[in-house]
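In what follows, every chain begins at residue 1, and chains take the letters A, B, ... in the order their sequences are listed.
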There are 2 protein chains.
Amino acid sequence: MARYRVGIETRDRILAATRDLLAEGGLEGVTLKRVTTAAGVGVGSFYNLFDSKESAVFEVVRETLDAVDPHPEAPGAGDDRLTDLVGAFVTFITDSPTVARIYLQLAGLGLTDPAIAARVLRSHRLRVDRFAAACRREDPALDDASARERAQAVLASLTGYGLTSLIDPTFDMAAHARGLLDRVGAAG
Amino acid sequence: MARYRVGIETRDRILAATRDLLAEGGLEGVTLKRVTTAAGVGVGSFYNLFDSKESAVFEVVRETLDAVDPHPEAPGAGDDRLTDLVGAFVTFITDSPTVARIYLQLAGLGLTDPAIAARVLRSHRLRVDRFAAACRREDPALDDASARERAQAVLASLTGYGLTSLIDPTFDMAAHARGLLDRVGAAG
DNA sequence: GGGGAACTTGAGTGTACGCTCCAGATTCAC
DNA sequence: GTGAATCTGGAGCGTACACTCAAGTTCCCC
């Protein structure tokens with residue numbers, strides 16, 4: 001859609017505005033007027049670059065899901081340890097509250113919108129694979145099923161921790177994540 | 001608002017319709033037209049019984065949060081064990097998918113709406129207290145702060161499990177909850 | 001530097017929303 | 001049974017929304 005340099009820049013500004021509004025007020029908080037005003041752009045420009053409001057939101061969602069996974073360059077043959085993956089997730093939540101809010105709202109949105117649900121599930125599965133691989137690397141005695149189970153548990157707990165930390169400011173996500181790793185390690 | 005028998009019945013039908021729509025399509029899915037149609041009621045009747053659409057949604061939210069806690073009759077001096085509390089939560093999620101969906105969306109909604117956020121936080125705090133009391137009963141050597149910390153971790157994990165189980169149908173929440181209890185018990 | 005494609009703009013469109021209003025029906029305490 | 005309070009339905013109101021359109025401007029390949 002965007003072929004000229006200015007178009008690409010405008011597109012970026014629109015996506016940034018959408019991202020901010022989404023984090024601030026959820027899907028409801030994203031209106032065409034707000035997006036275009038925040039981006040300093042006319043309505044027509046928006047529709048020159050995006051098919052619909054939804055497609056801009058979807059683009060932000062896509063970027064957000066990508067952002068949860070650190071360096072996704074090596075898809076299958078990563079060499080990160082479980083500690084690193086957990087740490088990256090914690091950092092993601094605590095350091096990028098804007099994007100993290102969107103990410104955690106996605107789960108809720110996904111419960112409602114099938115298109116988003118599909119994307120969230122796909123991204124989730126990839127992350128489970130990655131966590132499971134790390135588990136096996138850490139504990140080679142683990143069979144594949146057990147590794148996946150452990151990975152699922154760790155990820156689900158982490159998600160819950162992230163959600164809780166946004167609900168309850170007194171929740172110390174980093175400390176709890178450390179506790180989680182200890183418990184999982186102790187159980188292995 | 002409702003003084004006559006018919007009024008109370010209508011109110012119930014409206015709340016039921018609101019609950020269904022909320023679970024099905026989130027906040028976005030709840031429109032006045034849909035609610036009144038589903039409840040088989042005129043718009044005027046709705047506004048005779050509720051101040052606004054929001055107040056009906058809020059009522060459902062309130063009921064939902066109450067539903068998460070089994071028998072809240074004995075506020076401070078409960079005698080339930082941690083296993084029971086966890087079991088009740090799992091049952092709640094798996095057996096009442098409609099209400100559970102709303103409950104899990106609440107976290108996301110709460111991130112956006114301060115009134116809902118306040119209610120969710122209050123309900124969350126009460127639940128932490130309850131879980132913490134159970135932890136201390138199970139493990140009297142635990143000091144208060146540690147019990148609360150453990151309770152927070154268990155609850156946050158459970159929330160994450162619930163969310164994951166709605167995202168990913170292959171996630172076995174009951175089994176993972178059992179694993180969670182084992183791990184927490186082993187660490188105690 | 002000419003020209004066609006890409007970009008920009010904002011007034012305007014149709015639609016769906018939450019909500020008001022009111023005239024008539026129903027309930028129920030007395 | 002009466003009457004005041006409550007309940008009911010739905011036409012209609014104002015508003016905000018996502019989106020269109022056409023006329024003008026900017027970009028950038030050649």
With sequence neighbours excluded, residues passing side-chain hydrogen bond (donor to acceptor under 3.5 Å, both in side chains) with B:Asp172: none
Give every donor-acceptor pair under 3.5 Å between a side-chain atom in residues 85-94 of chain B and any protein atom, sequence neighbours left out.
| residue | atom | partner | partner atom | Å |
| --- | --- | --- | --- | --- |
| B:Thr91 | OG1 | B:Gly87 | O | 2.8 |
| B:Thr94 | OG1 | B:Val90 | O | 2.8 |
| B:Thr94 | OG1 | B:Thr91 | O | 3.4 |

Could you tell me whether B:Glu59 and B:Arg11 make a salt bridge, using a distance below 4.0 angstrom between a side-chain N and a carboxylate O? yes
If only side-chain N and O atoms of B:Thr10 are considered, is one of them under 4.0 Å from the OP1 or OP2 phosphate oxygen of D:dC7? no
CZ/A:Arg101 to CG/A:Leu22 distance, rounded to the nearest 0.5 angstrom? 12.0 Å
At how many degrees, to 10°, do the end axes of the helix from C:dG1-D:dC30 to C:dC30-D:dG1 meet when each uses five pairs? 30°
Can you confirm whether A:Asp69 sits close enough to A:Arg130 that some side-chain heavy atom of one is under 4.5 Å from a side-chain heavy atom of the other? yes
Give me the residues of residues 21-29 of chain A where at least one heavy atom lies under 4.0 Å from an atom of DNA chain D, by number, or none. none
Using the side-chain hydrogen bond (donor to acceptor under 3.5 Å, both in side chains) rule, collect all pairs that involve residues 14-35 of chain A, keeping only residues at least two apart or in two chains. A:Arg19-A:Glu63
Sorted by number, residues from residues 13-20 of chain A placing a heavy atom under 4.0 Å from DNA chain D are none
Could you write out each protein N or O paired with an N or O of nucleotides 17-24 of chain C at a distance under 3.5 Å?
| residue | atom | partner | partner atom | Å |
| --- | --- | --- | --- | --- |
| C:dG18 | OP1 | B:Lys53 | NZ | 2.8 |
| C:dG18 | OP2 | B:Leu32 | N | 2.7 |
| C:dC19 | OP2 | B:Tyr47 | OH | 2.6 |
| C:dC19 | OP2 | B:Lys53 | N | 2.8 |
| C:dC19 | O5' | B:Tyr47 | OH | 3.0 |

Roughly how many Å is it from CZ in A:Phe50 to P in C:dC7, rounded to a whole number? 11 Å
Is B:Arg5 salt-bridged to B:Glu9, cutoff N-O under 4.0 Å? yes
Considering only Ile, Leu, Val, Met, Phe, Trp and Tyr, and joining two whenever side-chain heavy atoms are under 4.5 Å apart, list the other residues clustered with B:Val6. B:Tyr4
How close or far is atom P of C:dT9 from atom CG of A:Leu49, stated in whole angstroms? 11 Å
Please report, to 0.1 Å, the donor-acceptor pairs under 3.5 Å made by any side chain of residues 153-161 of chain A, with sequence neighbours excluded.
| residue | atom | partner | partner atom | Å |
| --- | --- | --- | --- | --- |
| A:Ser157 | OG | A:Ala153 | O | 3.2 |
| A:Ser157 | OG | B:Ser157 | OG | 2.8 |
| A:Thr159 | OG1 | A:Leu155 | O | 2.8 |

Can you tell me how far OG of A:Ser55 sits from OH of A:Tyr47, rounded to the nearest 0.5 angstrom? 8.5 Å
May I ask you to say whether A:Asp144 pairs ionically with A:Arg148, meaning some side-chain N is under 4.0 Å from a carboxylate O? no
Within the structure, does a side-chain N or O atom of B:Asn48 lie under 4.0 Å from either OP1 or OP2 of D:dT6? no
Using a strict 4.0 Å threshold on nitrogen-to-oxygen distance, state whether A:Arg136 and A:Asp143 make a salt bridge. no
Check the phosphate of D:dG9 against B:Ser45, side-chain N and O only, distance under 4.0 Å to OP1 or OP2. Yes or no? yes
With rounding to the nearest 0.5 Å, note down the distance linking CD in A:Gln152 to NE2 in A:His124. 6.0 Å
Applying salt bridge (charged side-chain N to carboxylate O under 4.0 Å, His left out), name anything that partners B:Arg125, two or more places apart in sequence or on another chain. A:Asp168
Might you list the N or O atoms of the protein lying below 3.5 Å from N or O atoms in nucleotides 25-30 of chain D, with each pair's distance?
| residue | atom | partner | partner atom | Å |
| --- | --- | --- | --- | --- |
| D:dC28 | OP1 | A:Arg5 | N | 3.1 |

Tell me every residue that passes side-chain hydrogen bond (donor to acceptor under 3.5 Å, both in side chains) with B:Asp12, counting only those two or more places apart in sequence or in another chain. none
